[in-house]
Amino acid sequence: MDQPFLSAVIIAYNEAQNIDRCLRSLQAVADEIVVVDSGSTDDTVMKSEAMGARVLNHAFEGHIQQKNWAANQAKGQWIISLDADESLSEELKASLLEWKKSAHEPLAYCFNRLTSYCGHWVRHGGWYPDQKLRLWKNGLAEWTGENPHDRLELVAGENTGRSIGHLKGDLLHHSYHTVEDHVGQIAYFSDIAAAHYEGPLWLTSFWVRPLKMAFQWSKNALIRGGWRDGWAGWTIAKYSAIATAQKYEKARVYRRSKRLLEAAEKTKIQRVLICRTDAIGDAVLTLPVAGWIKASESNLQVDFLVRSYAAPVAAAAEDVDDVVIWSPKSPPDLSEYDAAVVAFPDVEVAQALRKQGVPIVVGTSRRWPFRRWMTHHNHTSRKVSGQHEAWHGIELAKTMHPSPGWATPGLQLPKSSGEIAQWGRLKPEAWEEVKGQIDGARDWLKVGQKHIIVHPGSAGSANNYSQGNYLKLIAGLCDAGLRVILTGTAAEGEQFGVSEWSDHEAVVNTMGRMTLHQLLALIGASDGLVASSTGPLHMAAAAGVMCVGLYGPNAPEWPERWHPVGPRAHWITAERIASDGALEIEVTEVLAKILSALSE
């Protein structure tokens, strides 16, 4: 008997860590291996080609659509379909080789799937035998279901009622190497499920979700015997319950956004407005929101609304498409936006957004009457969370995800300030182009010297270094051979008594002489900056300039929430606050930190 030509079909995206194992298990069984890749940025394609697979590229439209497209590319009389994180057990390989030699009466075959969870093979809790129909005669089956939960079904008609065979052996599912893998997959699949949810709205209710979580946990841990798998079983039951809650919570967000967009005669989010109308430093720390959104969906236009004094900073942000100036007396036209993230609870901004018909408006639920103007409420407390201000801005924006037009599967919050630093970057104008606008500025920076900006003012935004310590720091920097540039307002110059340094050859007093745009250019051309938690400190960090921030130890002004974010950002935390409110940090410690950071 002639053996059937068997095509193995795999869809993949960034599966470099799995694809070798998958393809190796198929090589002795399949006559053709087809890998359909949807734009991997790792070594998936290279590894697949090296192992003899025919690699095709096809944009991902959904699991069901992708698998049907892949099956249509197969040349074999029979098709076997695996996910990239699956492989054939030795027993299943033997069964398939034996099947190829025998008569093929059923039109399709299923096999048991055995899943590995953090190194433990799970045999209870509803995870095993988990039969999967994966082998079929070409043209007689198709993928159906509801994304992302696809299933293979025989095509109706003459195949109706025909038997489905079963082959011995397990399809090994190497799905969860760590608990973090499980959490990531929950985020991924719950986003897809929410966008395709068509069930009743009442099931997504806040009051129903706890009941569904409890039932899901009980079913997996107790009824289906998950407890027999020990730690793995209990952990799976826990996260299965969380997955259920996330699916219905996100489905409610998606449905609400869709309804609001349709009421405004729009189909999806295309233009997003980030609003931050308080201090300059706060605006800088909100800029990563724009970059994070655009990184997840590059087709979105993301604009930034600020007051006029902060506009030069927003205009220099690499991830911001356009800057909108806010004026309470003459509000700008905001009607073109599909969604707005109000990072600072400005009631006047919120009212303008709603009155002008912006369908989706996201903001905190913890401020009244601000919250009454929001369509999507965020309940996180910034004061006690211990998270960074930039993280809070991103988490606020995620409140409206997934929504039509912005439903990136698996979108997760950044885990560290280092990760956040890739977004919100500033690109100052070159100092050479700016210095001619300021009288006497051409000689501020000297070729061959290191320049450190000392910005002693804070406008009362946080505890600051004392006047005496700033003067000692200036002396120490000069003694170290550095050129010191003093920045700030004219009033701050008088307050801190820096006039006595104005005639020092290594000190340049620029206080009160620059616009914000010019200051940003000077920061970009300098070698470093030292200040308390204030706008110029965050500008330097976002511009990639070495900076040292000085902070107090207590919330809410502590560095946990307000430290500078950038690839060369550093900070020092005072052990205590003096009776006059000044930061108690030794000048020698600050000087050592600056010199050490300069050498990096």
Side-chain angles (χ1 to χ4, degrees), residues 431 438 440-514 519 522-537 539-541 545-552 559 564 568-600:
W431 176 245
I438 311 166
R442 295 185 183 277
D443 297 325
W444 287 358
L445 303 184
K446 299 287 187 179
V447 177
Q449 289 189 261
K450 294 283 188 180
H451 301 82
I452 298 296
I453 294 176
V454 176
H455 188 90
S458 69
S461 62
N463 294 100
N464 204 346
Y465 219 22
S466 70
Q467 173 184 345
N469 278 340
Y470 268 120
L471 295 176
K472 291 177 183 178
L473 178 61
I474 294 169
L477 292 169
C478 292
D479 291 342
L482 301 173
R483 190 170 171 83
V484 177
I485 301 174
L486 306 176
T487 61
T489 66
E492 287 171 338
E494 294 179 5
Q495 176 186 351
F496 282 90
V498 296
S499 57
E500 65 182 83
W501 286 93
S502 297
D503 296 328
H504 195 289
E505 61 179 3
V507 178
V508 181
N509 183 6
T510 75
M511 302 183 84
R513 300 179 61 184
M514 286 185 290
L519 173 61
L522 179 63
I523 290 172
S526 298
D527 298 288
L529 180 147
V530 59
S532 65
S533 181
T534 188
L537 175 72
M539 290 160 57
V545 174
M546 186 282 290
C547 60
V548 175
L550 309 177
Y551 287 83
R568 303 188 65 199
H570 306 266
W571 57 93
I572 301 173
T573 305
E575 293 186 2
R576 63 187 67 84
I577 304 295
S579 58
D580 61 355
L583 301 174
E584 291 196 357
I585 305 173
E586 292 294 331
V587 173
T588 53
E589 181 181 358
V590 179
L591 184 60
K593 174 67 76 172
I594 294 171
L595 297 176
S596 172
L598 281 174
S599 65
E600 293 178 356

Can you pull the side chain to side chain donor-acceptor pair (under 3.5 Å) pairs that have at least one residue in residues 585-600, sequence neighbours excluded?
His570-Glu600

With sequence neighbours left out, which residue pairs that include part of residues 579-600 fulfil the ring pair (Phe, Tyr, Trp, His ring centres under 6.0 Å) condition?
none

So which atom in Gly524 and which in Val545 form the shortest heavy-atom distance, rounded to 0.1 Å?
CA-CG2, 4.0 Å

Let me confirm one number: the CG-CZ distance from Leu519 to Arg513, rounded to the nearest 0.5 Å.
13.5 Å

Strictly distance-based, threshold 3.5 Å: is any side-chain N or O of Thr489 a donor or acceptor partner for the main-chain N or O of Glu492?
yes

What one should report as the nearest heavy-atom pair of Met514 and Ile438 is CG-CD1, 3.7 Å

Could you check whether any side-chain heavy atom of Leu591 comes within less than 4.5 Å of a side-chain heavy atom of Leu477, counting everything from C-beta outward?
yes

Rounded to the nearest 0.5 Å, what separation is found between the OG1 atom of Thr534 and the NE2 atom of His455?
4.5 Å

With a 4.5 Å cut-off on side-chain heavy atoms, are Leu482 and Asp527 touching?
no

According to salt bridge (Lys or Arg N to Asp or Glu O under 4.0 Å), who are the partners of Arg576, at least two apart in sequence or on a separate chain?
Glu584

Minimal non-hydrogen separation, Ala525 against Leu445, with atom names
CB-CD1, 3.7 Å

So which heavy atom on Tyr465 is nearest to which on Leu583, and how close?
CD1-O, 3.7 Å

Would you indicate whether the side-chain heavy atoms of Leu486 and Ile474 approach each other to under 4.5 Å?
yes

How about Leu537 and Trp571: do any of their side-chain heavy atoms sit closer than 4.5 Å?
no

Which heavy atom in Tyr551 sits nearest to a heavy atom in Pro559, and how many Å separate them?
CB-CD, 3.7 Å

Is there side-chain contact between Ile585 and Asn469, with heavy atoms separated by less than 4.5 Å?
no

Whether Arg483 side chain and Glu505 backbone form a donor-acceptor pair below 3.5 Å:
yes

Ile485 and Ser526: which non-hydrogen atoms are nearest, and at how many Å?
CD1-OG, 4.3 Å

Inter-residue atom distance Trp431.CH2 - His451.NE2, 0.5 Å rounding
10.5 Å

Does any non-hydrogen side-chain atom of Ile453 lie less than 4.5 Å from one of Pro536?
no

Using 0.5 Å steps for rounding, measure from the CG atom of Leu522 to the CH2 atom of Trp444.
6.5 Å

Do Leu473 and Ile594 come within less than 4.5 Å of each other through their side chains, counting heavy atoms only?
yes

